[in-house]
Amino acid sequence: MPELPEVEVTRATLAGRLCGATLRWVRLGKPLRWPLGCEPSILVGLRAGELQRRGKYLWLPLAPAATPCDVHDPSRAPSATAHAGGLLMHLGMSGSLNFSLAPPPPGPHDHVDLAFDQGVLRLTDPRRFGAVVWSDALHRPPASRLLERLGLEPFDPRLTAQALHQALASRRTPIKVALMAGDIVVGAGNIYASEILFQAGIDPRTPAQRIGLRRCERLLVALRQVLARAIELGGSTLRDFHDAHGVDGVFQDEAQVYGREGQVCRRCGARVRRIVQAQRSTFYCPACQRR
DNA sequence: ATGGGTACCTGTCTGC
DNA sequence: TGCAGACAGGTACCCA
């Protein structure tokens, strides 16, 4: 999927287009990971607020909009049951959001169309691990249930080396698995976890609790550098991902280890290795990364 | 509380 | 060419 950089790039390219737009109709395709959780018709007439990101989730606030246009056209006025809330969206492993004025007819992998007065937001997701879920508020279920287990944002100033060190102290699991778990710090998925650990010079098999304070400092710097650079480059496009205007990311061209099994390390010339951790591929340089 | 495995679903690639 | 099997960016849930 879309890891944090891809979700952030999606948010940034969409936010300006959606804010203030009024929802006109909704089309649902095949079921996604979780049901929408409301009757689609109650969304019609609601107005979008500022698109936000939390971890790899996107939150689109929607509130009743009593514009003069709606008042004069009862069929478009918010229904009596309309109330503020929002849509919590996740791109799963293969999802992407695209915004366009006149999208082509939906294909077999186009599962949600949200048609606003300024264009159509379409979720395309071949594997259907993604989701779009209605929630009354971020701090109420079902959104709160999905967000409550999330750790700190990588750029949150509360995430210090000391805080990271303390959080890792109780984990015997390999550092790569702990990074990806998302309950300490969010955003590092399978690609970036490998890249971050390469940058920090840490062997991905190292038990998390054996990472000392000094190495936590390096890990934190690497985490922020790698994610910031990936956002700058529009994320990584392996096969499915594009930003909301259809533009590919190019971070994969800068990857030091991910997807490079058997190729030479760009830093030292050793061969990059692939191992499996928690049923996921991990790539690392056995010379640059130490236990 | 932590850790490991499974499940969800579909497309693509590899090797026989 | 056909087919089986492995693999793919995530994460909730179950059980030990």
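Here the structure is a predicted model, which means the values were calculated and not measured. Each chain gets a letter, A, B and so on, in the order the sequences are listed, and its residues count up from 1.
- As judged by a 4.0 angstrom heavy-atom cut-off over every strand, Phe251(A) is placed among residues making no nucleic acid contact.
- Atom-to-atom, NE2 of His90(A) to C1' of dT11(C) comes out at 7 Å; the value is rounded to the nearest Å.
- No N or O donor and acceptor, one from the side chain of Arg128(A) and one from the base of dC9(B), sit under 3.5 Å apart.
- Of the side-chain N and O atoms in Thr173(A), one or more sit less than 4.0 angstrom from OP1 or OP2 of dG4(B).
- Straight-line distance from the CG atom of Leu168(A) to the C1' atom of dA1(B): 15 Å, rounded to whole Å.
- Candidate nucleotides dG4(B), dT11(C), dT6(B) were compared by shortest atom distance to the side chain of Gln279(A), and dT6(B) ranks first.
- In this structure, Arg172(A) and Lys30(A) both approach DNA chain B, and ranking their closest nucleotides by distance from the 5' end singles out Arg172(A).
- Side-chain atoms of Gln256(A) never come within 3.5 Å of backbone atoms of Gln199(A) as a donor-acceptor pair (strictly under, hydrogens ignored).
- Look at Arg158(A) and Glu153(A) and you find no salt bridge, because none of the NZ, NE, NH1 or NH2 atoms lies under 4.0 Å from a carboxylate O.
- Among the nucleotides dT10(B), dG10(C), dC7(C), the one closest to any side-chain atom of His109(A) is dT10(B).
- One side chain, Asp110(A) or Thr124(A), offers a donor N or O that lies under 3.5 Å from an acceptor on the other.
- Taking only side-chain atoms of Arg145(A), from C-beta outward, the nucleotide of dC13(C), dA8(C), dG10(C) with the closest atom is dC13(C).
- Ion pairing between Asp183(A) and Arg171(A) holds under the 4.0 Å rule for side-chain N and carboxylate O.
- By the 5.5 Å and 30° criteria, Phe129(A) is not stacked with the base of dT11(C).
- Judged by distance alone, with hydrogens and angles left aside, Arg149(A) brings no side-chain donor or acceptor close enough to the base of dT11(C) to form a pair under 3.5 Å.
- For dC9(B) and dC3(C), the P atoms lie 24 Å apart once the distance is rounded to whole Å.
- Using Watson-Crick or G-U wobble geometry with both donor-acceptor distances under 3.5 Å, dC9(B) finds no partner in any strand shown.
- The shortest distance between the side-chain N/O atoms of Ser170(A) and the OP1/OP2 oxygens of dT2(B) is below 4.0 Å.
- Taking only side-chain nitrogens and oxygens, Ser94(A) never comes nearer than 4.0 Å to OP1 or OP2 of dG10(C).
- Checked by atom type and distance alone, the side chain of Gln289(A) pairs as donor or acceptor with a backbone atom of Cys285(A) at under 3.5 Å.
- Using a 4.0 Å heavy-atom cutoff across all strands shown, Ser236(A) reaches at least one base atom of the nucleic acid.
- If you check distances only, the side chain of Arg127(A) does reach the base of dA8(C) with a donor-acceptor pair under 3.5 Å.
- Put simply, CD1 on Ile184(A) is 15 Å from P on dA1(B), counting in whole angstrom units.
- Going from the P atom of dC7(C) to that of dG5(B) covers 15 Å, rounded to whole Å.
- In terms of phosphate contacts, Tyr192(A) brings no side-chain nitrogen or oxygen within less than 4.0 Å of OP1 or OP2 of dG10(C).
- Put simply, Arg280(A) has no side-chain N or O that comes within less than 4.0 Å of OP1 or OP2 on dT11(C).
- Proximity of a side-chain donor or acceptor of Gln166(A) to a complementary backbone N or O of Ala163(A) within less than 3.5 Å is not detected.
- Relative to the side chain of Arg171(A), the nucleotides dA8(C), dG3(B), dA12(C) differ in distance, and dG3(B) lies closest.
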